[in-house]
2 protein chains.
Amino acid sequence: MPAYRSGSGNPAHTLALLWREPGFGQSARGPKQGLSVDRVVDAAITLADTAGLDGLSMRSVARAVDVSTMALYTYVPGKAELVDLMLDAVYLRMERPPVDRQSWRSRLTAIAEQNRALFGMHPWIADVSTARPPLGPGLMAKYEYELSAFNGLGLDDVAIDDALTYLLTFVQAAARTAISTRASQRDSTMSDEQWWAANAPLLARVFDSTAYPTAARVGTAAGAAHGSAHHPDHAYQFGLARVLDGLAVLIGGQQASAGR
Amino acid sequence: MPAYRSGSGNPAHTLALLWREPGFGQSARGPKQGLSVDRVVDAAITLADTAGLDGLSMRSVARAVDVSTMALYTYVPGKAELVDLMLDAVYLRMERPPVDRQSWRSRLTAIAEQNRALFGMHPWIADVSTARPPLGPGLMAKYEYELSAFNGLGLDDVAIDDALTYLLTFVQAAARTAISTRASQRDSTMSDEQWWAANAPLLARVFDSTAYPTAARVGTAAGAAHGSAHHPDHAYQFGLARVLDGLAVLIGGQQASAGR
DNA sequence: TGGTACTCTGTACGTCGTATAACGTAGGCG
DNA sequence: CGCCTACGTTATACGACGTACAGAGTACCA
């Protein structure tokens, strides 16, 4: 899929749109606009939530808000900028409960969970390019909030940014796995278990398990341990524990919670 | 971009293709095939390396091997399966130097570096869905090899699989960031620094830095520390250190290497 | 020496983002 | 009060995409 994300277009225009600068929604002369940027963005988010970024087409958005396709281009310069606006909009709407929890582990776990929930509601986010993020009010609020979870840990500003980036990168990666697992099941009429089951006998014929003894042993063990169904969830839980343990070493002092 | 990856088609057919089962390249009757699956796959890899998965079209592959577009479909059932074959092919060709290094940290670092190099040579891999991997000889060899780095650490089979998955997921996520940063720079005529510079004054007008004090402070510090806000290389180094520290806790005994 | 199973080609369909031009509307100015 | 003009909106069109389908040509087997 094309890496839909602006950076492309005029940064000034995109920024003005993100912050809903006046002078972009209305001009003196001519007919009034029948819609608003927000209506368009909301419709697009709703569509993308069920169809994904590729299923999201300018035509489908136009149909949803009941205008011709090209009318959208008076609200938004193009699909890349629309995605920017969608992303900032969902960022802005995230819940941000107070972060006064005792331990930093529970604070960071909460941040991770909130982001995981976001990917759950809006799977298309996982496909949005992360370079050159939309510098809108949503991203700012999210960044400000998440940084606050790192207060009082003795990290300097640069380390705080690094640590947050690390945490969020992990959540995004885990979410991508979960999403693509779901997507595979959805558009193949075959469940994951059925797929592995369908492959097993053929694989047995073609695959010399003496040639790859460790792979055969570990793969079998891993497959048996979790029916391959909850695999993404398990990977998230395992990974988050590791991420926190890794950060614990950076933060120092705290004793890590071992065990799997 | 559509999530090009099979699982879709007939698993039997895909598997047979992956293992180059005889009976798929040649049939008794009719004209001989002028090409081979390998020629098609190689051409596709070369194209994807420079144009990405979206720039890779069946038409362009056909042009590269000098046949009509539809002739490809006698070698490969469709683009999804072609991508499966490409992925397994580059896996198979990875270097696998002996892993007898002393410390497990250097072993895992080597695995990470090899995968990072793979993403560097074949950026399109980062866009390939990870669910339902191509169960071909390349993946098997890679899996077998990478598992061997976890020998003798006292982890059980399930934990080994979890740990490897965790490591590889991290490398992929870091690679994605690096790749999309490069991509942004490539197709926007504006360097990352220029883009941030272009945004800075506009942002200053629209962004109330008293409303987001932490974000302003940390963002500035991070931006100053390394020339722009997103530094894929730094994020990789920072992240890998954290990943290893996190696994150290799991493995136990070893003292973690603190410090950033 | 057919017949037939196969390879390969060209055309066509429906999708996409968006450029372009035509049309309609309504406010500001004479 | 009425025209001009800037702007919203629409329909059409272009070139890309993956691939279904029908036809043409080829070489083995009976």
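Numbers restart at 1 for each chain; the letters A, B, ... are given by sequence-line order, proteins then strands.
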Give the nucleotide from the list [options] with an atom nearest to the side chain of [X].
| X | options | result |
| --- | --- | --- |
| A/Y73 | C/dC8, D/dT9, C/dT18 | C/dT18 |
| A/R59 | C/dC8, D/dA13, D/dG18 | D/dA13 |
| B/R29 | C/dC8, D/dT19, C/dG3 | C/dG3 |

Could you give the [atom1]-to-[atom2] distance, from [X] to [N], as a whole number of Å?
| X | N | atom1 | atom2 | result |
| --- | --- | --- | --- | --- |
| B/M70 | D/dA20 | CE | P | 7 Å |
| A/L72 | D/dT10 | CG | C1' | 12 Å |
| B/E81 | D/dG18 | CD | P | 13 Å |
| B/L56 | D/dC17 | CG | P | 10 Å |
| B/K32 | D/dG25 | NZ | C1' | 15 Å |
| B/R63 | D/dA16 | CZ | C1' | 11 Å |
| A/Q33 | C/dG27 | CD | P | 14 Å |
| B/M58 | C/dT11 | CE | C1' | 17 Å |

Next on the checklist: On DNA chain D, does the nearest nucleotide to B/P31 precede the nearest nucleotide to B/G55 from the 5' side, or the other way round? Give the residue.
Outcome noted: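 Its nucleotide being nearer the 5' end, the pick is B/G55.
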Next on the checklist: Between B/R39 and B/D66, does the salt bridge (Lys or Arg N to Asp or Glu O under 4.0 Å) criterion hold? Intermediate values first, please.
Outcome noted: CA-CA 11 Å; B/R39 286 243 312 139; B/D66 208 49; over 6 Å; no
Checklist entry - A/S68 near the nucleic acid: base, sugar-phosphate alone, or nothing, with a heavy-atom cut-off under 4.0 Å? => result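 Base, at least one base heavy atom under 4.0 Å.
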Next on the checklist: Are A/F170 and B/F170, when compared by the centres of their aromatic rings, separated by less than 6.0 Å?
Outcome noted: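 No: the rings miss the under 6.0 Å criterion.
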Checklist entry - What about the rings of B/Y212 and A/Y143, do their centers lie closer together than 6.0 Å? => result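 B/Y212 vs A/Y143: aromatic centres not under 6.0 Å.
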Item to check | Verdict with supporting geometry, B/R96 and B/E144, salt bridge (Lys or Arg N to Asp or Glu O under 4.0 Å) | outcome: CA-CA 10 Å; B/R96 287 181 253 284; B/E144 176 79 16; over 6 Å; no
Item to check | side-chain N/O B/T74 vs C/dT7 OP1/OP2, d < 4.0 Å | outcome: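 B/T74 to C/dT7 OP1/OP2: no side-chain N or O under 4.0 Å.
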Checklist entry - Thinking salt bridges, do B/D84 and B/K79 make one under a 4.0 Å N-O criterion? => result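 No salt bridge links B/D84 with B/K79.
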